[in-house]
Every structure is written in structure tokens, then in C-alpha cells.
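Working notes, beginning with the structure itself.
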Amino acid sequence: GDSVTQMEGPVTLSEEAFLTINCTYTATGYPSLFWYVQYPGEGLQLLLKATKADDKGSNKGFEATYRKETTSFHLEKGSVQVSDSAVYFCALRANTGNQFYFGTGTSLTVIP
Amino acid sequence: NAGVTQTPKFQVLKTGQSMTLQCAQDMNHEYMSWYRQDPGMGLRLIHYSVGAGITDQGEVPNGYNVSRSTTEDFPLRLLSAAPSQTSVYFCASRPDGISGNTIYFGEGSWLTVV
């Protein structure tokens, strides 16, 4: 079945460091891929998305490229800030059907 | 701009008690769902609904009941609370149709069963 695997955390970085959070997926067909962010005490919010192969989603300095050949959607940011501390979830929605599938989440802490 | 509204935000229950988590959305979305979030397990789907009068089970439905009498509301009932149901619960909704449509979450309900 469809599934998402993302790197386990927690991840701790210094401010201005480079961030990569790996995400790979298993799905039939051509799913849409998403990254969600959850700040402490809040619900999940959409960070970025890509709906077809080679698309790049971007928002707030974060980027992720839909790579069908490697079934990946890694999240990157060139220079993290303390305010980026949160839990990040990779997710997919299959091209058919109604379900979203979420990874287990990666906790990021950025220290000054 | 309310979006998805969940209540209560925090609740403590005794084992065996029942309660209802309320969820309402004002975006006219057909699809609504409930997830639970547990450490190391991410989000797991409990129940979902593709429209008023239609509900179905997700990955972890046992111990929970849902109904969808209107497009706006999708309450989650805990029939007889157990400590294993201690979790954070999220209601979500999204428009149906195009796979690229995103899903919108409520702010969560923190439930402790003692």
C-alpha cells in the first residue's frame, strides 16, 4: 500500500545551518506530495507541495523537489532560524482515492 | 476565517467514561477525518467521511464512533475511554476531487485518560 518514510529525529541545528529532512514514498501512480509543519501546541499547517514529477514546492525559504526516479521529496532550507523549530511531516495523497498518508514526523530544534 | 474548529482543547477522562470531541468546518468541504497523534507513530487515521451521511473506518477505529449528519460537523465519540486512548486528536477537512488539494487541520484536542 501507499506509505511515506521520513528520517527520524530529533534534529538539532545551530542557527543559519543547512537543513535536510529526507522523505521517500511508496505509491502506485503519481501521487501529490506535501510537507506539513506543526509548531508547538498547534495543528499541522501546509508548508509546501508538489503535484507532479520534477515540480519544486517552496515556501518560507524551504524547498522540496518531487523526484519520481528516486521516489523522494526531501525538504531543504539553506539557513534555518530559531523560529523554524517545529515538527515536520511528509505526506502523500494518491492520485486515486481519498486518503492522505503521513510520515512519523521529524522534530527540529534550532539553537541560537 | 475559522477553518476547522475543534473543542475541547484539553480534557481529562476517567477510564470507562464517554465523551465527544466536536469538530466543525466552515469551508464547505465534503471530506472530513479524525486522526490521532502519538509519539513515534505520526498521524493515524481513525475515521473519515466523504460527505453527509457517509462514514468509514480508518486505520485505528476501535473504541471510537463517528457520525456526519451535516456537511459542517463531524463529532468523534469515545464510547468507553481507556488509557490507550490518551493522545492528541486532530480533525481535518479538505475539498474532494483534485489530488493536489491540501488538507486543513484543527488545532488539536489533548486527551488524557486516567
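Because the structure is predicted, anything quoted here is derived from the model rather than measured. So you know, we letter chains A, B, ... as the sequences are listed, proteins then strands, and number each from 1.
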- Item | chain B contacts, top residue of A:A50, A:A91, A:S107, A:G43 (heavy-atom pairs, under 4.5 Å) | A:G43
- Heavy atoms only, distances under 4.5 angstrom: which of A:V87, A:L33, A:L46 has the most pairs with chain B? Name it, please.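 That would be A:L46.
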- Please tell me if the side chains of A:D84 and A:L19 come closer than 4.5 Å, counting only heavy atoms from C-beta onward. no
- Partner of A:Y88 under ring-ring contact (aromatic ring centres under 6.0 Å, His included), chosen from A:F34, A:F62, A:W35: A:F62
- Task: Please say whether more than 12 non-hydrogen atoms of neighbouring residues, nucleotides or ligands are located less than 6.0 Å from NZ in A:K68.
- Result: yes
- Message: More than 12 heavy atoms of other residues, nucleotides or ligands under 6.0 Å from CD of B:Q17: yes or no?
- Response: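 Yes, because the 6.0 Å sphere around CD of B:Q17 holds more than 12 heavy atoms from other groups.
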Quick one: which of [options] has the most heavy-atom pairs under 4.5 Å with chain A, could you say?
options                       : result
B:Q37, B:M41, B:R44           : B:Q37
B:V88, B:D38, B:I103, B:V4    : B:I103
B:Y35, B:Y104, B:F105, B:W110 : B:F105

- Task: Determine whether the aromatic ring centres of B:F90 and A:Y36 lie less than 6.0 Å apart.
- Result: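 Not under 6.0 Å, so no.
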- Note on the structure: So, the part of A:E8 with a heavy atom under 4.5 Å from chain B: the answer is neither
